[in-house]
Each structure stands twice: as C-alpha cells, then as structure tokens.
Amino acid sequence: MQTHDLVQKDSFGEKIFEQKIDNEIKIEPKDWMPEAYRKTNIRQVSQHAHSEIVGMLPEGAWISRAPSLKRKAILIAKVQDEAGHGLYLYSACETLGITREETINDLHSGKAKYSSIFNYPTKTWADIGAIGWLVDGAAIMNQVMLTRTSYGPYARAMVRICKEESFHQRQGFEILLMLSKGTDEQKAMCQDAIDRWWWPSLMMFGPHDSESTNSEQSMKWKIKRKTNDELRQNFVDMCAEQVKVLGMKIPDDKLKWNEQRMHYDFGEINWDEFWNVVKGNGPCNKERLDARKKAWEEGEWVREAAAAFAEKRKTKQQTAA
Ligand code: BYC
C-alpha cells in the first residue's frame, strides 16, 4: 500500500471515529481509532486496574483482625470484588492491543501510576469504614460518569463495577455509623479515621482542572465526561450532608454552604503532599509495590500451570475434532 493510501484510509477512519464520538456511539476494539486515543485509554484503564489490585492491600490487612465473623465475611467479599474489578479492567485494556504482562511490568517498574489513596496506612478498624464511605464513595462519583465513557469495553466494565462499589460504600458507612453510636473511644476512633482519610480522598480526583494535563483532550474524546474539579465538588457536597448523619466532623474549617454557588466551599488541598505521593514517596508506596511484586513472583507457577492446562485441553479438543 502506498503512503498516500494509508493517509487517505486514516482520514476516512478519523471521520467515522469523530462521527461516532459526536453521536454517542461506542468505539469498539476493532474500530479505527487515533493512536493517541488508544494510548490514553491504555494509560487510564491500566492505571485504574492497578488501583483496584493495589487497593486490595490496605483493606486486606484487616481481614484477620475484623471484629466479628460477619464483618470478616463482608470484608473478604469486598476485597474479592476489587480483584474482580482489576480483572475486568485488565481484560478491557488487553482489547486495546497491550498484553497483561506489559501492563503489570509497567506497574512494577514504576512507569504506570495507581491511585495515590492506596499509599496510606490502615491503622484501626475504623479505617475500613472510612475507606468504604470516602474512598469507594469518591470512586463511584468518578466511575458513574465512566459508564458513559466512549470506549465500549471500559464503559461496560464500569456498569458492574459501579453496582459493587455502591454496596462497598454502604458497608463502609454502616461501619462508621455503628462506631459513631458506640463508646467514647469508638466515637474518637471514627473521627480519627475521617480526619486521616478526608484529604487523601479529595486528592483521588486528581489535580485542579487548570493543572490537569490530560483532561481537555479526554473530555473532547468523551473518555472523561466530567472534570476533576466538578467531580470533587460533587463529592464534597455529598459528604458534607452525609457526615451529619454520623454526627462527626469533616476536618476542614473552610467547609461552608455557599448559597450563591449552591455548593459547599472547601479548603485547599495540600498539593505538595499529593505530588509527593504520586511520585512514589508516600507513607506506603514502597510497601505496596513490594507486595505486588512478591505476589506476582509467587504466582508464577499458577500462571504456568494454567497455561499448560489450557494447552493440553486445546490439543485434546483438536484431536477429538
Ligand atoms: N493518584 O491530567 P490528569 C477503587 C495523575 S480504585 C495518582 O488529571 P487524568 C477502589 C494522572 O494519572 C479507583 N495519580 O489525569 C479500589 C496524570 O499522570 P499521567 C481508581 C494521579 O487521567 C480498592 C497526572 O496525575 N479510579 O475504586 O485525566 C478499594 C495528571 O492528572 C491521580 C480510577 O482509576 C491520583 N489520585 O485524570 C477501594 C478512575 N490523579 O497518567 C476502592 C479512572 C491524577 O499522565 N481514572 N493522577 O502520568 C480517572 O478517572 C483519571 O485517570 C483521574 C485522573 C481522574 C484519576
């Protein structure tokens, strides 16, 4: 094929791509798509998958210390759900032409990011409640818009994930509600967890729109449907009301209802802390990555056994046919 044929084919493909984006038709794996669109999706979907898998660690640490059998069973189910989310997302990512191994290598080498939130420690049982209420709450706020993202496999994965995240958020809120009605010590534990998780949860939405390098293009391509600041504001508005039910306080002196804006005003995030964590220097970054690398190495024999079994089954089926 001549170079000009390729250019013509690309410009035809681009026209169809743009029409689909304009008309809210999903882009599917075999459709033509601009290379930068593919790369942006690989970046976002793989980082999202890594976040789900790394996100199992802070809560996983409390499975053996859950205060009752019922709490243990719920927490195990929740952590397993996160593993499932990671798997749907790694699979969605593979449809963009990258292998699972490549994405995982990028996580282990530090090339790919994962959500800053999972680099904080879980110090008490109340942290499990705060993660459910605030972290899963922030995640849903972001992910509901992603059910309408323009890349089909990502959008479809998000539908199921959102249903599960909604259960996660409620179970977290219920843990805090129980503690908030408990002894003075339990109430203090509840407030302490909210104090430590509030600001990192606001950081989950990413930098201000003015500092967000990817937002403008991702909004044009309808990968993102709302900006980082819009979603963060929606989250603050929601939590500022929910915290009243708990009888607890959000650790922000500037949090105040603004009648004109019809939104809550709130204080400034410590962006130095955010970027420090994103660059790998948060309280648990090293611990989290070491845990993931160890799990990958220790799981090698399982992957090899599964591949050998699949090969054996294929040969058997071919021989039978
Ligand atoms: N942490 O241009 P921007 C869960 C990076 S897990 C680390 O605004 P974008 C759960 C960003 O990647 C849910 N890095 O980026 C699991 C970019 O760097 P690169 C996780 C961050 O992509 C277990 C740079 O900063 N959710 O639910 O347009 C238990 C500039 O940012 C962060 C998702 O992953 C951060 N917080 O917007 C419980 C949702 N923020 O990549 C719960 C999917 C920004 O150019 N992702 N950066 O090197 C997204 O919606 C978007 O990627 C973001 C950022 C809103 C996060």
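One-based numbering, in listed order, for ligands and for the atoms of each.
Residues Asp209 and Ser215 have side chains that never bring a donor and an acceptor to within less than 3.5 angstrom of each other. For the residue pair Gln233/Asp229, the side-chain donor-acceptor check at 3.5 Å is not satisfied. Glu101 and Asn105 share no donor-acceptor pair across their side chains, judged by distance under 3.5 Å alone. For the residue pair Gln143/His85, the side-chain donor-acceptor check at 3.5 Å is not satisfied. A donor-acceptor contact under 3.5 angstrom links the side chains of Thr95 and Tyr151, judged on distance only.
Ligand-side atoms of ligand 1 in range of Glu59: 29 (C), range being under 4.0 angstrom from any heavy atom. The contact set between ligand 1 and Phe205, taken as ligand atoms under 4.0 Å from a residue heavy atom, comprises 55 (C). Near Asn228, meaning under 4.0 Å from any of its heavy atoms, are these atoms of ligand 1: 8 (O), 55 (C). For ligand 1 and Ser116, the ligand atoms under 4.0 Å from any heavy atom of the residue are 1 (N), 7 (C), 35 (C), 36 (N). Interface atoms of ligand 1 facing Tyr154, defined by a heavy-atom separation under 4.0 Å, are 43 (C). Each of the atoms 8 (O), 30 (C), 31 (O), 44 (C) of ligand 1 lies under 4.0 Å from some heavy atom of Pro207. The Gly55 neighbourhood of ligand 1 comprises atoms 23 (C), 29 (C), with distances under 4.0 Å to a heavy atom of that residue.
When atom types are taken as modelled, the side chain of Gln217 and the backbone of Asn214 share no donor-acceptor pair closer than 3.5 angstrom. A donor-acceptor contact shorter than 3.5 Å links the side chain of Glu102 to the backbone of Thr99.
Remark: minimum distance from atom 41 (O) of ligand 1 to any protein heavy atom is reached at Arg43 NH1, 2.8 Å. Regarding atom 3 (P) of ligand 1, its nearest protein heavy-atom neighbour is Ser212 OG, 3.3 Å. Nearest protein neighbour of atom 40 (N) of ligand 1, counting heavy atoms only, is Gly206 CA, 3.2 Å. Protein heavy atom in closest approach to atom 49 (C) of ligand 1: Gln44 NE2, 3.6 Å. Given atom 13 (C) of ligand 1, the protein heavy atom at minimum distance is Gln143 NE2, 3.5 Å. The single protein non-hydrogen atom nearest to atom 47 (N) of ligand 1 is Phe274 CZ, 4.2 Å, given as residue, atom name and distance. Here the protein heavy atom with the shortest distance to atom 24 (C) of ligand 1 is Trp275 CH2, 4.2 Å. The protein non-hydrogen atom at the shortest distance from atom 10 (C) of ligand 1 is Phe118 CZ, 3.5 Å.
The nearest non-hydrogen atom to atom 19 (P) of ligand 1, considering only Lys113, Gln169, Glu211, comes from Lys113. With Asn214, Leu134, Ile161, Asn142 as candidates, the residue nearest to atom 55 (C) of ligand 1 on a non-hydrogen basis is Asn142. Nearest to atom 9 (P) of ligand 1 by heavy atom, out of Met56, Lys78, Lys224, His85, is Lys224.
Remark: ligand 1 and Gln47 share an N or O pair separated by less than 3.5 Å (distance only, no angle test). Distances between N or O atoms of Met203 and those of ligand 1 include at least one value under 3.5 Å. For the pair Asp136 and ligand 1, the shortest N or O to N or O distance does not fall below 3.5 Å. For ligand 1, the polar-atom distance check against Glu82 finds no nitrogen or oxygen pair separated by under 3.5 Å. Any N or O atom pair closer than 3.5 Å counts here, and Glu165 shares at least one such pair with ligand 1. Ligand 1 has a nitrogen or oxygen under 3.5 angstrom from a nitrogen or oxygen of Thr213.
Exactly one residue among Tyr264, Phe205, Phe266 makes a ring pair (Phe, Tyr, Trp, His ring centres under 6.0 Å) with Phe235. That residue is Phe205.
Ring to ring, His263 and Trp257 are not that close: their centroids are 6.0 angstrom or more apart.
Side-chain heavy-atom separations under 4.5 angstrom define the hydrophobic clusters, and the remaining members of the one that includes Val302 are Trp301.
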### Message
Determine whether His208 and Asn228 satisfy the following criterion, side chain to side chain donor-acceptor pair (under 3.5 Å), listing intermediate values before the conclusion.
### Response
CA-CA 6 Å; His208 278 311; Asn228 300 357; over 6 Å; no

### Task
Take Asp136 and Lys78 through the test salt bridge (Lys or Arg N to Asp or Glu O under 4.0 Å) and record every step on the way to the result.
CA-CA 11 Å; Asp136 287 274; Lys78 181 190 189 287; 3.0 Å; yes

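Linking Ile, Leu, Val, Met, Phe, Trp and Tyr whenever their side-chain heavy atoms come within less than 4.5 Å leaves Val45 and Val144 in two separate clusters. Taking hydrophobic clusters as Ile, Leu, Val, Met, Phe, Trp and Tyr residues chained together by side-chain heavy-atom distances below 4.5 Å, Tyr90 shares a cluster with Val79.
Contacts between Leu231 and ligand 1, counted as non-hydrogen atom pairs separated by less than 4.0 Å, are absent for every part of the residue. By the criterion of a heavy-atom distance under 4.0 Å, neither the backbone nor the side chain of Ser218 is placed next to ligand 1. By the criterion of a heavy-atom distance under 4.0 Å, the backbone of Tyr114, and not its side chain, is placed next to ligand 1.
Atom 53 (C) of ligand 1 is not flagged as protein-proximal [any protein heavy atom, distance under 4.0 Å].
Residue pairs meeting the ring-ring contact (aromatic ring centres under 6.0 Å, His included) criterion with at least one partner in residues 119-148, sequence neighbours excluded, are Trp133-Phe173.
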